[in-house]
Amino acid sequence: MNIKDLDLSVLSHFVDYDGHETIRRIEDAETGLLAFIGVHNGNLGPALGGCRMFAYDSEEDAIRDVLRLSRGMTYKNALAGLPLGGGKSVIIGDPRKLKTEALISAVGRAVESLGGRYITAEDSGTNEHDMITMAKETSYVVGLPSAADSVGGDPSPVTAYGVFKGLKACVARRYGSDSVKGLKVAVQGLGAVGYALCQYLHGEGAILTVTDVREESLSRARSEMPGLTVVAPDDIFAVEANVFAPCALGAQINDQTVPQLKVDIVAGAANNQLATPAHGHQLADKGILYAPDYVINAGGVICVAYEYCQRIGKNPFSHDITRANMMAHVDKIGTTLETIFNIADARQITTAQAADERAEAIFRAPKKAVAQG
Ligand code: NAD
């Protein structure tokens, strides 16, 4: 296996290069592996972020993604109150065609080569089984199976819980009460997170309009959540509602969709919801309250962070590492959003800008105990 750190001075032409600490290139002729591991910033602790496998068109595209995603994890982990930095890994290749046990094992060895500066987890194109494979090669992996009442395991239900709590914080900000009873919520994507979010909302009496490209998810939702309305994927943006919850793809807040939105709040699970920062300004101009994506969807990373701390036997929190305490930590997503909304109002900046500034103030500050959970 050929492992080398890229010369950071030649990465400055990438717009997403932001003083990253390490970009490691991994090539393994035996398994066909070509991957990059990015550590953006380790001020707060080891860099935690998932391992994505995707059919990138070029090495340049993969580097661009690892730069962008690892940086994003620094911001997410900082605002989630975790003693962790930001990192990410990307494997070049279609997971359905190129993924083998041997290739994933090689990724595990590459993660191990960083000696704990980077901790990996599932992301799109990788799954729990892949994490089990990697765990045979490295201890720096999370998202492994665990008992239902312990910390760890599939992070998606915890992400959904955090999005629900964050959405309620937005509702409280906008309407003075956090009750969603009778509120109209349009949800894009009934996957692992979106479906569970709908169950929380339906359970509290919200009126749901949903869409997905998979008919089986829609028919399950129709039978389990009576009263819900289904619309075609392209029609979800124009639904008149209190809240739009994007829970499918990135960049759904864009030039085509912003003019269609007839909601007061955008609060959902998807990563990278704003196509560009300008779309954050456009939402604000329309009077729409936007919950910054990496703040509201941090439940999953909080979940795997607790799993990691429990496994290595180090507790940076001011409480025991239990599932109840982990969920209480996720509850604080609502408080974090309130703080961000206050900063945005006071400084007349967008909520996305306020989140970035607040995160930077945390991870760029001199090293100190940051666990707030
Ligand atoms: P998922 O793959 O389980 O669900 C995505 C759903 O969106 C699927 O049901 C899919 O059919 C649907 N979809 C795809 N294209 C669509 C379209 N054009 N219109 C409508 N529906 C469409 O993914 P997930 O784990 O539920 O994650 C949802 C989003 O939240 C993703 O953007 C993910 O990156 C983000 N996220 C997830 C987690 C987590 O813990 N799973 C954590 C943080 C962020």
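In each ligand, atom 1 is the first atom listed, and ligand 1 is the first ligand listed.
- Protein heavy atom in closest approach to atom 17 (C) of ligand 1: V213 CG1, 3.7 Å.
- Across the listed options G191, G50, P155, G191 owns the non-hydrogen atom lying nearest to atom 4 (O) of ligand 1.
- Among all non-hydrogen protein atoms, the one lying nearest atom 27 (O) of ligand 1 is V193 CG2, 4.0 Å.
- In this structure, the side chains of V210 and M225 stay at 4.5 Å or more apart for every pair of heavy atoms.
- The protein non-hydrogen atom at the shortest distance from atom 43 (C) of ligand 1 is N297 O, 3.6 Å.
- Counting heavy atoms closer than 4.0 Å to ligand 1, residue L190 contributes backbone atoms (N, CA, C, O) but none from C-beta onward.
- Contact check on K136 versus E112 returns no salt bridge, with no Lys/Arg side-chain nitrogen under 4.0 Å from an Asp/Glu carboxylate oxygen.
- Counting only heavy atoms from C-beta outward, the side chains of C170 and V243 never approach each other to under 4.5 Å.
- In this structure, atom 23 (O) of ligand 1 is not in close contact with the protein, since no protein heavy atom lies within 4.0 Å of it.
- The nearest protein heavy atom to atom 2 (O) of ligand 1 is not closer than 4.0 Å.
- For the side chain to side chain donor-acceptor pair (under 3.5 Å) test, no residue two or more places apart in sequence or in another chain qualifies with E338.
- Here D57 does not pair with R64 in a salt bridge; the nearest charged N to carboxylate O distance is not below 4.0 Å.
- Within a 6.0 Å radius of CD in E240, no more than 12 heavy atoms belonging to other residues, nucleotides or ligands are found.
- Clustering of Ile, Leu, Val, Met, Phe, Trp and Tyr side chains at separations under 4.5 Å leaves V10 isolated, with no partner residue.
- Contact atoms of ligand 1 toward A248: 7 (O), 13 (N), 21 (N), 22 (C), 29 (C), 31 (C), 32 (O) (distance under 4.0 Å to a heavy atom of the residue).
- When the heavy atoms of S156, S217, G250, G194 are ranked by distance to atom 41 (N) of ligand 1, first place goes to S156.
- Contact annotation: for C247 versus ligand 1, heavy atoms closer than 4.0 Å belong to the backbone alone.
- The side chain to side chain contact (heavy atoms under 4.5 Å, CB included) test with V142 is passed by exactly one of V151, T120, V304: V304.
- Nearest to atom 38 (C) of ligand 1 by heavy-atom distance, out of I296, D154, T159, is T159.
- Remark: ligand 1 atoms within the under-4.0 Å shell around heavy atoms of L249 are 15 (N), 18 (N).
- Contact annotation: the side chain of Q273 never approaches that of H279 to less than 4.5 Å [non-hydrogen atoms, C-beta and beyond].
- Of all atoms in ligand 1, numbered sequentially from 1 with element shown, those under 4.0 Å from a heavy atom of R214 are 8 (C), 9 (O), 11 (O).
- Nearest residue to atom 8 (C) of ligand 1 from N271, D212, V163 is D212 (criterion: closest heavy atom).
- Of the listed options A160, P233, A196, P233 places a heavy atom closest to atom 19 (N) of ligand 1.
- Of the protein's non-hydrogen atoms, A269 O, 3.7 Å is the one closest to atom 36 (N) of ligand 1.
- Under 4.0 Å is where a charged nitrogen must lie from a carboxylate oxygen, and between R173 and D345 at least one such pair does.
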